[in-house]
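All remarks here apply to the structure that follows.
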There are 2 protein chains.
Amino acid sequence: MGEGVEWGLHCCVTLGWLHAEAPVPTRRLAAWFDLPQEYLKKRLQALGRAGILASSPGARGGWSLARPPERITMMEVVAALEDGLDAFTCTEVRRRGAGARGGGPELGGTCGVAALMRRAEMAWRRELAAHTIADLMAQSPESAARTHRNYRHLTG
Amino acid sequence: MGEGVEWGLHCCVTLGWLHAEAPVPTRRLAAWFDLPQEYLKKRLQALGRAGILASSPGARGGWSLARPPERITMMEVVAALEDGLDAFTCTEVRRRGAGARGGGPELGGTCGVAALMRRAEMAWRRELAAHTIADLMAQSPESAARTHRNYRHLTG
DNA sequence: GTTCTCTTACTCGGATAGAAACTGTCCGAGTTGTCTGGG
DNA sequence: CCCAGACAACTCGGACAGTTTCTATCCGAGTAAGAGAAC
């Protein structure tokens with residue numbers, strides 16, 4: 001899983017806290033977490049395409065949450081930042097080679113291995129879909145307060 | 001997730017079915033699924049180091065299950081074949097950059113983002129740990145029968 | 001004072017390069033069953 | 001018939017490329033706010 005997922009989640013949380021100061025330009029978010037600005041931009045663009053962040057072009061533009069944080073699940077953020085969502089991909093190995101010779105009708109159905117792997121990934125998704133950016137925001141009020149404090153004094 | 005995980009699971013299931021013919025050499029398993037023999041060998045060696053498969057050196061040697069299939073969980077197989085088990089890795093972005101200036105005590109605790117991501121991965125692991133190679137073997141008796149039939153006639 | 005234009009500060013998308021992980025191949029060394037030849 | 005030695009069939013581990021994915025940077029184009037000039 002790419003590092004951009006961590007960045008994206010933290011950015012969403014921060015944008016939730018900084019709702020009053022939106023939009024926040026990429027440069028500031030990069031300085032905020034000490035991240036490479038150009039690459040962070042690419043990941044934020046992906047969140048924009050997914051309808052999670054909204055971009056304001058032009059001077060004084062930047063990024064803001066496209067929806068209230070209670071309506072953005074962690075699953076959506078992860079899905080937007082990860083290309084191949086499924087960690088496991090079934091290549092239908094069971095249908096190839098000498099083992100499949102004279103294959104019976106069960107080869108037409110879904111692969112049992114893939115089915116159980118999929119089931120596990122569904123459990124993972126369910127867990128991620130059950131929590132929102134608002135949950136993350138609520139976890140550390142101290143960080144929220146410091147964010148407001150620091151952002152006002154942020155130069156550049 | 002690497003392709004070797006799929007190979008490993010299918011090989012374990014097949015070795016379960018071919019218990020009577022064990023040990024099965026890498027060459028046969030590779031031909032069985034039409035896989036690159038040398039690379040498959042590497043993955044099987046990993047399963048051997050993890051104590052999932054047992055290797056018999058020498059002529060007429062090969063691989064067999066190190067334990068009865070009811071006692072090999074899918075989780076173990078995946079863990080043995082995947083280096084970095086955790087898909088998500090927390091790099092503690094929250095402690096870096098301008099956003100962390102004057103950091104409060106909550107920065108000492110665990111990261112909320114990482115905690116929820118971890119929770120999701122635990123759900124995934126739980127699901128994988130709940131199913132064994134025996135479960136996979138039981139899913140398709142037709143394949144089991146064909147495996148026995150084909151293996152007898154397998155030349156080379 | 002209003003409007004027009006110019007500059008500035010942003011985002012968007014594509015192109016590109018480097019780093020890391022995954023995939024695949026090759027080789028030398030060790031182990032064991034089988035075959036062969038001598039006793 | 002029995003035993004020693006050669007041979008063949010395996011695994012083990014390391015070294016080494018090729019390929020894909022992730023990370024990172026750069027550039028040109030488009031958009032909006034604000035400043036300044038013209039009317």
Side-chain angles (χ1 to χ4, degrees), chain A residues 1-8 11 15 21-31 33-64 66 78 80-89 91 93 154-156, chain B residues 1-8 11 15 21-31 33-64 66 78 80-89 91 93 154-156:
Chain A
M1 172 150 301
E3 203 173 348
V5 171
E6 183 186 8
W7 304 356
C11 282
L15 285 175
E21 328 275 348
V24 178
T26 305
R27 176 174 44 79
R28 289 205 160 191
L29 283 173
F33 294 115
D34 192 22
L35 299 176
Q37 175 175 342
E38 287 296 312
Y39 187 48
L40 175 62
K41 189 182 66 172
K42 275 197 136 26
R43 306 332 308 255
L44 296 180
Q45 285 173 356
L47 290 174
R49 279 191 297 274
I52 293 169
L53 298 187
S55 68
S56 315
R60 308 188 66 98
W63 298 95
S64 46
V78 171
L81 293 174
E82 209 65 11
D83 283 333
L85 242 196
D86 305 306
F88 180 86
T89 53
T91 61
V93 145
L154 183 59
T155 66
Chain B
M1 174 149 302
E3 203 172 347
V5 172
E6 184 187 7
W7 304 356
C11 284
L15 285 175
E21 328 275 347
V24 177
T26 306
R27 178 175 44 78
R28 291 206 157 189
L29 283 173
F33 295 116
D34 191 22
L35 298 176
Q37 175 175 342
E38 286 298 310
Y39 186 46
L40 174 62
K41 189 183 64 172
K42 274 194 136 27
R43 307 330 310 249
L44 295 180
Q45 284 174 354
L47 290 174
R49 280 191 296 273
I52 294 169
L53 297 188
S55 69
S56 317
R60 306 188 66 99
W63 298 96
S64 47
V78 171
L81 292 173
E82 209 64 12
D83 283 330
L85 242 195
D86 305 305
F88 180 86
T89 53
T91 62
V93 144
L154 184 58
T155 65

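Below, chain A is the first sequence line, B the second, and so on; all start at residue 1.
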Please pick, from D:dA32, D:dC10, C:dC12, the nucleotide with the shortest atom-to-atom distance to any side-chain atom of A:S55. C:dC12

By nearest atom, which of the nucleotides C:dC22, C:dC10, D:dT11 is closest to the B:D83 side chain? C:dC22

Can you check the [X] [atom1] to [N] [atom2] distance for me, whole Å?
X: A:E38; N: C:dG13; atom1: CD; atom2: C1'; value: 12 Å
X: B:R27; N: D:dA8; atom1: CZ; atom2: P; value: 15 Å
X: B:E82; N: C:dT23; atom1: CD; atom2: C1'; value: 13 Å
X: A:W63; N: C:dC10; atom1: CH2; atom2: P; value: 14 Å
X: B:R49; N: D:dG13; atom1: CZ; atom2: P; value: 6 Å
X: B:K42; N: D:dT11; atom1: NZ; atom2: P; value: 13 Å
X: B:E3; N: C:dA21; atom1: CD; atom2: P; value: 19 Å
X: A:Y39; N: C:dA17; atom1: OH; atom2: P; value: 18 Å

Mark yes or no for whether B:E82, through its side chain, and B:G2, through its backbone, hold a donor-acceptor pair below 3.5 Å. yes

Judged by atom type as modelled, is there a donor-acceptor pair below 3.5 Å linking the side chain of B:R43 to the main-chain atoms of B:G8? no

With heavy atoms under 4.0 Å as the rule, sort A:Q37 into base, sugar-phosphate or nothing. nothing

Quick check: closest heavy atoms across A:C11 and A:L40, and the distance to 0.1 Å? SG-CD1, 4.1 Å

Closest non-hydrogen atoms of A:E21 and A:V24, given as atom of the first, atom of the second and distance, are O-CG2, 4.4 Å

Heavy-atom donor-acceptor pair, B:K41 side-chain to D:dG13 base, under 3.5 Å: yes

Earlier contact from the 5' end, DNA chain D, for A:M1 and B:Q45: B:Q45

